[in-house]
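First comes the structure, then the notes that go with it.
Whatever order the structure lists them in is the order used to number ligands and atoms, beginning at 1. Every value quoted in this text rests on a predicted model; they were computed, and no experiment measured them.
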Amino acid sequence: MKGALKYTIYKISILIITIFLVSKYMDRDEYTLSIIKPDATSRNLTSEINEYFINNGLRVVEQKATTLTRAQAEEFYAEHKARPFYNDLVEYMISGPVVVQILSGKDAIAKNREIMGATNPANAIPGTIREKFAESVERNSVHGSDSAESAKREISFFFNYDEVTNK
Ligand code: CDP
Ligand code: MG
């Protein structure tokens, strides 16, 4: 075989392998942190809320019930420290048990935000969790990571990130 032909075949093979690896990488599942908040756990809504995730193609891959300490709630919501609702939010988040969970699936981070609905239930569209269950802008039933960076930070806050995402 001529050298030039061999070289072309070699280049095409590298291209095919690259396309394969890139498409595999783009297709991989995402992971996001969800919290079922105290207003929802107190009304026993965990199973009903989980149905929203499952029916929309997300999997609940980790889930644990816990009660946040004040220090945990303050740190988890540190980005909102300067906001007027911060102190009330912390009080509310430690007022009862929560269920922290990892959801996975294709585009899980954005998909979960869609399933949750707007922060203020008055603006949440029908069919979303917050439209159905939220009691107010504060007592809005669920938390969901808002970006890949938040998801990594928030999952690591409650779980061993590498152990979960490398399964
Ligand atoms: O939870 P989400 O990402 O949709 O909203 P956020 O802007 O990150 O706010 C975090 C949480 O603070 C909300 O989910 C509410 O529980 C609470 N909050 C509030 O009590 N009053 C507001 N005006 C805005 C948010
Ligand atoms: Mg947020």
Side-chain angles (χ1 to χ4, degrees), residues 26 28-165 167:
M26 287 172 68
R28 80 201 193 292
D29 279 351
E30 265 181 8
Y31 295 84
T32 190
L33 187 89
S34 164
I35 303 179
I36 302 181
K37 294 182 174 181
D39 67 278
T41 60
S42 67
R43 287 176 286 152
N44 262 329
L45 293 172
T46 300
S47 298
E48 264 186 87
I49 289 175
N50 278 346
E51 276 179 33
Y52 276 71
F53 303 137
I54 293 159
N55 292 340
N56 285 284
L58 296 181
R59 284 187 301 280
V60 181
V61 294
E62 294 284 346
Q63 170 166 289
K64 61 186 178 193
T66 182
T67 302
L68 300 182
T69 63
R70 182 176 299 276
Q72 273 181 314
E74 284 175 353
E75 190 186 339
F76 187 82
Y77 279 119
E79 63 173 315
H80 294 309
K81 212 172 184 115
R83 311 285 290 278
F85 59 82
Y86 178 73
N87 288 335
D88 278 353
L89 173 61
V90 169
E91 288 299 335
Y92 156 62
M93 287 301 289
I94 66 175
S95 68
V98 295
V99 176
V100 292
Q101 42 188 199
I102 301 176
L103 311 179
S104 84
K106 194 158 164 43
D107 300 321
I109 299 166
K111 192 178 277 180
N112 183 40
R113 296 289 306 192
E114 260 175 51
I115 300 166
M116 290 162 59
T119 308
N120 185 343
N123 304 325
I125 62 171
T128 60
I129 293 171
R130 283 166 164 173
E131 185 268 337
K132 173 94 172 152
F133 299 117
E135 296 178 328
S136 67
V137 63
E138 177 181 86
R139 301 172 64 82
N140 60 4
S141 304
V142 280
H143 166 85
S145 310
D146 63 5
S147 66
E149 296 70 45
S150 307
K152 187 162 188 186
R153 181 180 67 79
E154 293 176 359
I155 289 170
S156 306
F157 196 87
F158 294 107
F159 299 93
N160 181 326
Y161 184 83
D162 291 329
E163 205 173 273
V164 174
T165 57
K167 263 184 199 163

Around [atom], find the nearest protein heavy atom and jot down its residue, atom name and distance.
atom	value
atom 8 (O) of ligand 1	His80 NE2, 2.9 Å
atom 22 (C) of ligand 1	Phe85 CD2, 3.4 Å
atom 17 (C) of ligand 1	Leu89 CD1, 3.8 Å
atom 16 (O) of ligand 1	Glu138 O, 2.8 Å
atom 15 (C) of ligand 1	Val137 O, 3.2 Å

**OP:** Using a strict 4.0 Å cut-off to heavy atoms of Arg113, name the atoms of ligand 1 that fall inside it.
**Re:**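 Going through ligand 1 atom by atom, the ones under 4.0 Å from Arg113 are 2 (P), 3 (O), 4 (O).
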
**OP:** Using a 4.0 Å heavy-atom threshold (strictly under), name the region of Arg83 that reaches ligand 1: side chain, backbone, both or neither.
**Re:** neither

**OP:** Going by heavy-atom distance to atom 14 (O) of ligand 1, choose the closest among Asn140, Asp88, Asp39.
**Re:**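 Nearest option to atom 14 (O) of ligand 1, by heavy atoms: Asn140.
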
Is any N or O atom of [X], backbone or side chain, closer than 3.5 Å to an N or O atom of ligand 1?
X	answer
Arg139	no
Thr119	yes
Arg130	yes
His143	no

Subject >> Tyr77 side chain vs Asn87 backbone, donor-acceptor pair below 3.5 Å >> reply: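 No.
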
Original post:
Can any side-chain N or O of Glu30 pair as donor or acceptor with the backbone N or O of Lys106 at less than 3.5 Å?
Top reply: no

Original post:
Between Lys132 and Tyr52, is NZ or CZ placed under 6.0 angstrom from the six-membered ring centre and within 45° of the ring axis?
Top reply: no

**OP:** Could you tell me whether Tyr161 and Tyr31 have their ring centroids closer than 6.0 angstrom?
**Re:**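 Between Tyr161 and Tyr31, the centre distance exceeds or equals 6.0 Å.
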
**OP:** Determine, using ring centers only, whether Phe157 and Phe76 are less than 6.0 Å apart.
**Re:** yes

Subject >> contact_flag Met116 ligand 1 heavy-atom lt 4.0 Å >> reply: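 False for this residue.
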
Original post:
Do the ring planes of His80 and Phe85 sit parallel (below 30°), tilted (30 to 60°) or perpendicular (above 60°)?
Top reply: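 Taking Phe85 first and then His80, their aromatic rings sit tilted (interplane angle of 30° to 60°).
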
**OP:** Please name all residues satisfying salt bridge (charged side-chain N to carboxylate O under 4.0 Å, His left out) with Arg70, sequence neighbours left out, ordered by chain then number.
**Re:** Glu91

**OP:** Would you mind telling me which of Ser141, Ser136, Ser95 makes a side-chain hydrogen bond (donor to acceptor under 3.5 Å, both in side chains) with Asp39?
**Re:** Ser141

Original post:
If we ignore angles and hydrogens, is there a donor and acceptor under 3.5 Å between the side chains of Lys37 and Asn140?
Top reply: yes

